[in-house]
2 protein chains.
Amino acid sequence: MSNPTLRQISMLELIPRAPRKTYAKKLKAQLSDRGYDVDERTIQRDLVSLERVLPLICDARDKPYGWSWAETGLGIQAPAMDPIEALTMSLAHQYLEPLMPSASFNRINIFFKRANETLKESSPKLINRWRNRVRVLPELLRFKKPKLNKDVEQALYKAAFEGLQIKALYRKRGESQSSLRLIHPMGLVMKGSINYLICMMDEDPDQPRYLPLHRFERVEILDLPVHEPKNFNLDEFTHTNNLSYEYSKNLYTFKALFDYTAAAHLIETPLNSSQKTKRLEDGRLLVSARMTDTLQFEQWLMSFGSDVEVLAPGKLRNKFKILAKELIKKYDD
Amino acid sequence: MSNPTLRQISMLELIPRAPRKTYAKKLKAQLSDRGYDVDERTIQRDLVSLERVLPLICDARDKPYGWSWAETGLGIQAPAMDPIEALTMSLAHQYLEPLMPSASFNRINIFFKRANETLKESSPKLINRWRNRVRVLPELLRFKKPKLNKDVEQALYKAAFEGLQIKALYRKRGESQSSLRLIHPMGLVMKGSINYLICMMDEDPDQPRYLPLHRFERVEILDLPVHEPKNFNLDEFTHTNNLSYEYSKNLYTFKALFDYTAAAHLIETPLNSSQKTKRLEDGRLLVSARMTDTLQFEQWLMSFGSDVEVLAPGKLRNKFKILAKELIKKYDD
DNA sequence: ATATGAAGCGACAGATTATGTCGCTATGAA
DNA sequence: TTCATAGCGACATAATCTGTCGCTTCATAT
C-alpha cells in the first residue's frame, strides 16, 4: 500500500472536473480513508508533479489552492475502450441525442467524446466513413425540445435525488409571470421531450403534482427534507395522471386484420410473446395477441389508418366504428 | 517523463478488458511510442506489482503471458464523475435500455455501472430512492426486440466500420434455412427495435440491400475491402427504400383543428419553429406549420383519431376523406 | 534426442526518488 | 499587530526503481 503509483491514481480519481475543485487537506483525508496515510506535503508534491503532465488546474487565487481537472481535458480511463465498445457508444450517442434534454445530454458528452477519441486513434481514416454510414432513424415524429436551463435542471435533479425541499420560481401554464413557491420534489418522469418534476406544493399539500422542468426559472435547494404522502408510489401516480398511458391493468385478447406490407414487421418484432400471426388468402395478416388496455396501443392502431381492421375485442372494434362515423361527419361535405 | 506513475497509468490504459489481452513486448513498443523508453523487464515488474492491487489478470498458460483487465472489474476513471453526471448517466441508461439491441447495450453497461458506483459512494442510501423515483416513459408502443447474437453483432459492426467483406450465414425472410453468402457491408441503420445492415450482395452486384441483423447466423470477416457503387449515399438509400419515411423533400403548409386536451402539448413542444397555434371559440386548437411530406407525420395525425380535423393542404385533407370512407366500409355493417 | 529461441525471473548495484520533518514566508482575519 | 493557515524549500534517510546479466523453462524445429 505504500506504492506511490496507486496512491496517485486514487488521488486523480478523487479530483473533480472544473469548475468544482478539491483541496490538499481534503485529499489527505480521503486518501487516508483508502489506506494511504501520507503527509499533506507529499500530496502537495504529487499534485504539482502531476500538474506538469496532466490537464490539472490549480486555482491559486486563494489559499488553500483549489485543484481540478481541466474542463475539456480527457482524463484517464482504463481499461481502454475497445473499438467495438467505442462504436457502440457512438451509437448510443445517436440514440440519445434527440431524446434527452440537451442540458442533460451535454453533461455526459464527455463520455461520448472519449469514445470518438478511441476510434480516431484506432482508425483515424475510418471514423468519417462510420459517421456517413450509420443512422439512427426516428420511429416517430420529433418535436422541438423545450429549452431547459442547465443550472435549473441540475438543481432539480439534485433535489430529487437527495430528497430536499426547494424554493423555486415557477411559471404556471398559460401564465406569463412566474411566482415563488415552496416545493417538495418526489420524483422525475421523462416522457418524450418533456421532463416532469413530481412533487408536493405547499399551496396544496394533499395532491401530488407534475410540473414540466422547463417552466422553472430559478431553483434554490433548501436544507430541509421533503414531506411526502405516506406510501407514495410513482408508477401509480403516473398511471392515474395520464403520464403513462395505461387505462387499466386489464388484459384482453386482441385480434385484427392488417394490410400485409404495412404490418409485416410484426412478424419479426411481435407486440409481445403471446402474439400469433397468420396470412390469409386475401393477403391480409391476421394478428392476435393478449394486450393490456392502453391509449398508446389504440393510437398505434389508429396510425395504421385503413390498413387495419380490428376484430376483437368488441369494445375496441366499436371504438373504431365510432371513429369511422366521426371522421365521416368531419370530412363528408 | 521518467515518472513511473505516469508510465504505469499509460500502461493501464493500454491493457484491454478480458477476453482480449496484450503482451509485455507489445506494451514496451506502445509505451516507447509515447515517450516511455524502458526495459521490458521493467514492464514485467510493473505488471506484476499492479496485478496485486488492481483487477488485472495474467494468463500464464502460454508464453508470452497475456495481460488483461478482469471482465467485471471497475478499472480506473479520472476525473471523478460528479453526482449530477452520474444521475444523468443513470437516466441515459433508462432511455437506452428499451431502444438499443441488448447485445450492444450490454457491451457498454460497464459505463453505467460505474455511474451507479459513484452514486452509491456519494449517497448510498439515496440510490434506491432514486431508482423508485425516476421513470422514462415510452412515447410509443414497445415491441419485442428480436434476438441478436452477440458475436454476430460485433462482427457486423466491425466489418461495417472497417469496410471489410464478410462471408455470412443469412436466413432470408420466410425461409427457414440460412445459406452462405458473400456480402459487402456499407452501412448500418437502426430503426426502432430493428437494425439493418446496408450492403451489396454478390448474387446481385448492382442493387444495395438492407438486411436485418437478427437474420444473420454466423459471420466471418474477410480481409478484403468492400466493393461498393460509386457515390453511394446512405440517406438517399434509406429514403428510396422506405427505411426513413420521407415521401419527398417537399414542404407544405399544414393546418388542422385539434381537440384541445389531446393536443395541448403542442403548445410547449411545437412541431417545429414555424408552428403557430390559436385557440378557437369552440375550444379547439388551430395549428399551422410548414411541414415536410412524410408518412410519419400522417401516421402521427391519424393516431389522433377523431381528435383532429385536417384543413390544409387539400391533398392531405383528401387523404383523410378517403380514410373516413374506407373505415366506414370496414366497420359499417 | 538434441538444439534453438523466446520469455520469464531472480539477483545485484548504483542511481534516483520518495517521504517526513522542520522552519520560513505570505496572506487574510481577528 | 497578532494569529492561524497554507504553501514551499531544504535536507537526510530510507526505499525504490531500473538496466543488466545469467539462469531456467518450455515449446518447437531439426
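Convention: sequence-line order gives letters A, B, ...; per-chain numbering from 1. Predicted model only: the values in this text are computed from it and were never measured.
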List the residues meeting side-chain contact (heavy atoms from CB on, under 4.5 Å) with A/Ser123, not counting sequence neighbours, and say none if there are none.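 Testing A/Ser123 for side-chain contact (heavy atoms from CB on, under 4.5 Å), a comparison that skips the adjacent residues, returns A/Leu126, B/Phe161.
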Residue [X], side-chain atoms from C-beta onward, closest of [options]:
X: B/Asp46; options: D/dT18, D/dG7, C/dG8; value: D/dT18
X: A/Asp39; options: C/dG8, D/dC8, C/dT21; value: C/dT21
X: A/Glu40; options: D/dG7, C/dG8, D/dG19; value: D/dG7
X: B/Pro4; options: C/dA18, C/dG8, D/dA6; value: C/dA18

With sequence neighbours excluded, give me every salt bridge (Lys or Arg N to Asp or Glu O under 4.0 Å) pair touching residues 41-53 of chain A.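 Residue pairs with at least one partner in residues 41-53 of chain A: A/Arg7-A/Asp46.
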Pairwise salt bridge (Lys or Arg N to Asp or Glu O under 4.0 Å) hits with a residue in residues 116-131 of chain A, at least two apart: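 Qualifying pairs, neighbours excluded: A/Glu117-A/Lys120, A/Glu121-B/Arg34, A/Arg129-B/Glu228.
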Assign each of A/Thr5 and A/Pro64 to its nearest nucleotide of DNA chain D by heavy atoms, then name whichever residue's nucleotide is nearer the 5' end.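 Whichever sits nearer the 5' end wins; that is A/Pro64.
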Would you kindly compare B/Arg61 and A/Val48 by the position of their nearest DNA chain D nucleotide and give the one closer to the 5′ end?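 The 5'-side residue here is A/Val48.
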[X] [atom1] to [N] [atom2], straight-line distance once rounded to whole Å:
X: B/Tyr65; N: D/dT24; atom1: OH; atom2: C1'; result: 11 Å
X: A/Leu27; N: D/dA6; atom1: CG; atom2: P; result: 13 Å
X: B/Lys26; N: C/dA6; atom1: NZ; atom2: C1'; result: 18 Å
X: B/Gln8; N: C/dT17; atom1: CD; atom2: P; result: 14 Å
X: A/Gln44; N: C/dC22; atom1: CD; atom2: C1'; result: 14 Å
X: B/Arg41; N: D/dT24; atom1: CZ; atom2: P; result: 16 Å
X: B/Lys28; N: C/dA7; atom1: NZ; atom2: C1'; result: 15 Å
X: B/Leu6; N: D/dT18; atom1: CG; atom2: C1'; result: 17 Å

Residues 104-113 of chain B, side-chain donor-acceptor partners within the protein, below 3.5 Å, at least two apart:
residue  : atom : partner  : partner atom : Å
B/Ser104 : OG   : B/Glu153 : OE2          : 2.1
B/Ser104 : OG   : B/Tyr157 : OH           : 3.0
B/Asn106 : ND2  : B/Ser102 : O            : 3.2
B/Arg107 : NH2  : B/Gln154 : OE1          : 2.8
B/Asn109 : OD1  : B/His93  : NE2          : 3.3
B/Lys113 : NZ   : B/Thr72  : O            : 3.4

Considering just the side-chain nitrogens and oxygens of A/Tyr23, establish if one lies under 4.0 Å of OP1 or OP2 belonging to D/dA6.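 No, outside the criterion.
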Check whether any side-chain nitrogen or oxygen of B/Thr42 sits under 4.0 Å from OP1 or OP2 of D/dG19, and answer yes or no.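 B/Thr42 to D/dG19 OP1/OP2: side-chain N or O found under 4.0 Å.
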Can you name the residues that form a salt bridge (charged side-chain N to carboxylate O under 4.0 Å, His left out) with A/Asp39, not counting sequence neighbours?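 Counting only residues at least two positions away or on another chain, A/Asp39 forms no salt bridge (charged side-chain N to carboxylate O under 4.0 Å, His left out).
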Between A/Arg215 and A/Tyr170, is any side-chain donor less than 3.5 angstrom from a side-chain acceptor?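 Short answer, yes.
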Polar pair under 3.5 Å, donor/acceptor by atom type, side chain B/Arg45, base D/dG19: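 A donor-acceptor contact between them is present.
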Mind grabbing the angle between the end helix axes of the helix from C/dA1-D/dT30 to C/dA30-D/dT1? Five pairs an end, 10° rounding.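 The angle, to the nearest 10 degrees, is 30°.
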Heavy atoms, side chains only, cut-off 4.5 Å: are B/Leu169 and B/Ser179 in contact?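 Heavy-atom side-chain distance check fails, nothing below 4.5 Å.
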